[in-house]
Amino acid sequence: MSETKYSLSSGIWDSSDLYKNAVLQLQEAANVMGLDPNVSNRLMVPKRALVVSVPIRLDDGSIRVFEGYRVQHNMTLGPGKGGIRFHPEVNLSEVAGLAMLMTFKCSLVGLPLGGAKGGIRVDPSQLSRQEAQALTRRYTSEINMIIGPDKDIPAPDVGTDAQHMAWMMDTFSQERGFAIPGVVTGKPIEIGGSLGRAESTGRGVVYTIQHAAKHLHSLGKPGPKMDSSTTVAIHGFGKVGAIAAQEIYQLNTKVVAVSDVGGGLYNKNGLNIPDVLKYMAKNRTLVGYPEADAITNDQLLSTHVDILIPAAIDGVITAKNVGSINAKIIAEGANGPITNEAMKELESRGAFIIPDVLCNAGGVIVSYFEWVQGLQNFFWSEAEVNEKLAEVMANAFKKVVEIQATYKCGMKTAALISGVDRLNRAMLLRGLFP
Ligand code: GLU
């Protein structure tokens, strides 16, 4: 069949920047490592996707239909794995791009899991608890046929948490008649969650920053000391950013700026993070915290700091604002916060980027631990979880910097090469069916 008559995709996947960025990154990694196009062409598109309508009755008695998705990008290495995102702008293409990143993330850190992602196009802040529960349950029921402990295992992502996972686990279990905790991870501890899962992504982010600092020193480059002389700014003060802030504060390193959707805080002497967390828990916002100056999210991103952690959402550092970014290390706590163009510009200026698939992999690593503990009905102490997490992340970091040195490429490309290389070998061994 001629190439001109038959192109790779009809275009259903490519409408979001996140997907386009993920494909560009894959192409770059494929070029640098000399990947067989027979493999890269398969990785450019997801294996399967399910789009569902999710009707629920709102508190006012009316019925509203939401759009939901579950995309399984690649399941060569094992069951699909990846979070469920509740966000007003999420769409099929974005979920497909995020599923692709999950494939590379799971492969890179050596998990026996494939990549998947789900989402509902909804603003969760507009839902009552009852509505959120109904939405989560009906969505679970609609995607029921493609998820399961040995098929595809969802977890929390932007806009969802342990409570949503409890509702998902309950719905899936009710439909089969017995408890099936292994269908999701990131569950509450009481129903089979793992100690340390809630903190794992933020904790992992900080591990990678410590490795990056040591790595820069080992190359004789000026790296942060990770003591009170080091300054950090964190964009996003949720499941990832707030935990990273806490961990950094405990290292006695200065978190000088934090922000959430409502705006940010700056204190050049360092914020008292436990106090900020208390304020946040009480007021549900950072706005008005007395011991700091109010700043905007844009100001936070351009703060003069040693380390910047974009830990909120994708596409925050772009060609438009990259000129104002001053940090020396940028740790991608969120998925896809730096666009490709911006990444190139930052790396050419000598910034050290810790790519998302490595930086935020702590979450899925401890999700894997949770799944394993659940399958064995044998649960570990938090110290054991953290020790194993640290070991997996240290190995992954080492592998990525070795690849980076071999190919003399950017860190994102090196991370993808690491993930794609393992996957490529597995795909070749399994062969093509039929
Ligand atoms: N949503 C998280 C991520 O993007 C965690 C996924 C998981 O634990 O399965 O990596």
Side-chain angles (χ1 to χ4, degrees), residues 18 22 69-75 77-87 90 94-120 124 143 147-162 164-165 168-169 181-188 192-194 196-205 207-208 236 238-241 243-244 310-314 331-337 354-374 385 389 392-393 396 415 419:
L18 196 139
Y69 324 90
R70 184 72 185 171
V71 178
Q72 295 167 342
H73 173 260
N74 186 288
M75 291 155 85
L77 296 169
K81 189 83 196 80
I84 305 283
R85 174 169 294 201
F86 283 11
H87 192 275
V90 82
E94 185 178 301
V95 174
L98 290 163
M100 190 185 293
L101 292 181
M102 287 309 302
T103 299
F104 305 140
K105 194 186 300 186
C106 291
S107 177
L108 157 67
V109 295
L111 305 181
L113 296 167
K117 202 85 174 194
I120 302 182
I143 63 162
I147 59 169
D150 46 17
K151 284 190 195 168
D152 180 4
I153 308 141
D157 195 72
V158 175
T160 58
D161 59 21
H164 296 87
M165 295 307 112
M168 289 192 79
M169 177 270 190
V183 65
V184 286
T185 60
K187 297 178 292 291
S194 174
R197 171 62 183 89
E199 298 80 12
S200 56
T201 314
R203 210 166 256 160
V205 167
Y207 290 158
T208 60
K239 291 191 293 274
V240 183
I243 301 290
I313 194 97
D314 56 276
E332 289 193 303
N335 288 313
I354 311 173
D356 49 6
V357 286
L358 173 65
C359 188
N360 70 31
V364 75
I365 294 168
V366 178
S367 269
Y368 165 65
F369 296 161
E370 176 177 332
W371 181 65
V372 167
Q373 291 171 79
V385 169
L389 168 64
V392 175
M393 297 222 53

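Counting convention: from 1, in listed order, for ligands and their atoms alike. Just the heavy atoms: all of them, side chains too, but no hydrogens, waters or symmetry mates, feed the values below.
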Enumerate, one pair per line, all nitrogen or oxygen atoms of ligand 1 lying under 3.5 Å from a protein nitrogen or oxygen, stating the separation to 0.1 Å; write 'none' if no such pair exists.
unit_1: ligand 1; atom_1: 1 (N); unit_2: Pro156; atom_2: O; d: 3.0
unit_1: ligand 1; atom_1: 1 (N); unit_2: Asp157; atom_2: OD1; d: 2.8
unit_1: ligand 1; atom_1: 4 (O); unit_2: Lys105; atom_2: NZ; d: 3.2
unit_1: ligand 1; atom_1: 4 (O); unit_2: Lys117; atom_2: NZ; d: 3.0
unit_1: ligand 1; atom_1: 4 (O); unit_2: Asn335; atom_2: ND2; d: 3.0
unit_1: ligand 1; atom_1: 8 (O); unit_2: Arg197; atom_2: NH2; d: 3.1
unit_1: ligand 1; atom_1: 8 (O); unit_2: Ser367; atom_2: OG; d: 2.5
unit_1: ligand 1; atom_1: 9 (O); unit_2: Lys81; atom_2: NZ; d: 2.8
unit_1: ligand 1; atom_1: 10 (O); unit_2: Lys105; atom_2: NZ; d: 2.7

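Here the shortest heavy-atom pairing between Glu370 and Thr185 reads OE2-CA, 3.2 Å. In this structure, Lys81 and Cys106 approach most closely via the heavy-atom pair CB-SG, 4.2 Å. Scanning all heavy atoms of the two residues, the minimum distance from Phe369 to Val385 falls at CE1-O, 3.8 Å.
Between Asn360 and Asn335 the shortest side-chain heavy-atom distance falls below 4.5 Å.
In the model, Arg197 has a side-chain atom that pairs as donor or acceptor with a side-chain atom of Ser200 under 3.5 Å. Lys187 and Ser194 are not linked by any side-chain donor-acceptor pair at a separation below 3.5 angstrom, with hydrogens and angles left out of the test.
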